Amino acid sequence: MKFEGSICLVLLLVYASITLGTKDPEQGQSPYVFEDKHFITGMQTPHGRIRFLEKFTDRSKLLRGIENYRISTLEADPQTFTVPSHWDSDAVFFVTNGWGTISLIKHGRRESFNLRQGDIVRVEAGTTTYLINRDNKQKFVFAKILRPVNNPGQFEPFYVGGGDNPDSVYSALSNEILEAAFNTRRERLERVFGKQKQGVIIKASEEQIRALAPEEEEEEEEEEEGSREKLINIYKQHPIYSNQYGQLYHVDSSQYKKLQDLDVSVSLANITQGGMTTLYYNSKSTMIAIVVGGEGYFEMARPDLSRSSQELEDRPTGPSYKKVSSRLRRATVIVAPAGYPFILAASRNQNLQVLAFKVNAYKNQRVPLIGRRSVVSHLERQAKELAFGISAREVDEVFGKQQEEFFFKGPQQQHQGFSVE
Ligand SMILES: *[C@@H]1O[C@H](CO)[C@@H](O)[C@H](O)[C@H]1NC(C)=O
């Protein structure tokens, strides 16, 4: 009896998950949308974690163009130390929350500097890096884009510190070699490389944190003089677009030279509750966007690649498009390939912050399809008439109505298809 009951329950659950799963076929299944569950926890300790988004090509070949890029997040609890490591990937770090210190060892020198929300740091492959969360309340949180240098889409960390957990790179080598290289007996070596068992993000004492502070005086100067070199803060840039519905901040290699070789740019859209962006596309870049705060939604037009050759034969006149849509909440990642028009909108009761890494950033333009400077606004009268098959006046009436350029007032109604409350 009991057994039958549980079979029924299982069947019910299977049925429920099938029906729920088919309710909105585009939600969550689109290769362009990644949710919290698509992050893999790479390393976790009681004091923080490092997560990686699955490879862009795991679910679909459509994103082959960005196969060699990966997204990762790091969250470190208050007053913690992240054990020194180097990675076989180039990276751009963005501080989404909190503040603390980053130390980078390269070219035989150590550079330590304080980071706060909005800072962008280019970390070259192989640079030994460690972090300190100096705050006693807030988490220190990073979003990173990585470009592996050995294997496309695959990367590995190498811990110099550590011993038992994490393993230290030294521990892979034979005792004879280590004894000779360190010129030290094995017992002493075992003491050094066996003690650290607490993982990659560990608690530090107040005194340790204080002692690890970068020199304060230099810091002020760095902000003025050296900041172009070492780091840049996105919120200190003049917003490219700004009105009551939102602001768009942007940093590329013309402000921060170190982004040049990776050909990546970083932007941050802060969309006011009830606001949205224009419908626009990136001319050359693939945009990989991560929600770092608030809630909202996303819609994008994509070519309908599923049409059979029969359908193409029946209607050989041109392509057709399908909608990709998704709710946006913290940690949602969306990918907008070059040329694909999309909008981002905030929910009606929360501002939305979306961080975007763009690959193939050089010479990219944002091309608006609606608003004061839309593509259509540049067409001649006759081109408008021919393109839409109505009078140019009617075209202008519709396209001329929206006076804003980039951020608009969003829909009044509840967005259809899924709840955005
Ligand atoms: C983000 O938008 C909100 C609401 O308009 C505003 O209060 C806040 O100052 C903005 N933040 C930035 C960094 O622009």
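Since this is a predicted model, take the numbers as computed values, not measurements. Whatever order the structure lists them in is the order used to number ligands and atoms, beginning at 1. Residues: numbered from 1 along the sequence shown.
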Near Y249 (heavy-atom distance under 4.0 Å), the atoms of ligand 1 are 12 (C), 13 (C), 14 (O)
Numbering the atoms of ligand 1 from 1, which are under 4.0 Å from a heavy atom of Y235?
13 (C)
Take R366 and I240, measure what side chain to side chain contact (heavy atoms under 4.5 Å, CB included) needs, and give me the verdict at the end.
CA-CA 11 Å; R366 289 181 200 82; I240 295 189; 3.8 Å; yes
[atom]: nearest protein contact (heavy atom, Å):
{"atom": "atom 5 (O) of ligand 1", "answer": "T272 OG1, 3.3 Å"}
{"atom": "atom 1 (C) of ligand 1", "answer": "N270 ND2, 1.4 Å"}
{"atom": "atom 4 (C) of ligand 1", "answer": "N351 ND2, 3.4 Å"}

Would you please indicate yes or no on a ring centroid separation below 6.0 angstrom for F142 and F93?
yes
How about E67: does its CD atom have over 12 heavy atoms from other parts shown lying under 6.0 Å from it?
yes
Among E299, E295, E35, whose salt bridge (Lys or Arg N to Asp or Glu O under 4.0 Å) with R327 holds?
E295
Ignoring hydrogens, tell whether any protein atom lies closer than 4.0 Å to atom 11 (N) of ligand 1; use the non-hydrogen atoms only.
yes
Plane angle bin for H86 and F158 - parallel if under 30°, tilted between 30 and 60°, otherwise perpendicular:
parallel
Does T101 form a side-chain hydrogen bond (donor to acceptor under 3.5 Å, both in side chains) with R134? I'd like the steps, not just the answer.
CA-CA 7 Å; T101 303; R134 316 182 65 81; 3.0 Å; yes
Ligand 1 and Q247, any nitrogen or oxygen pair closer than 3.5 angstrom?
yes
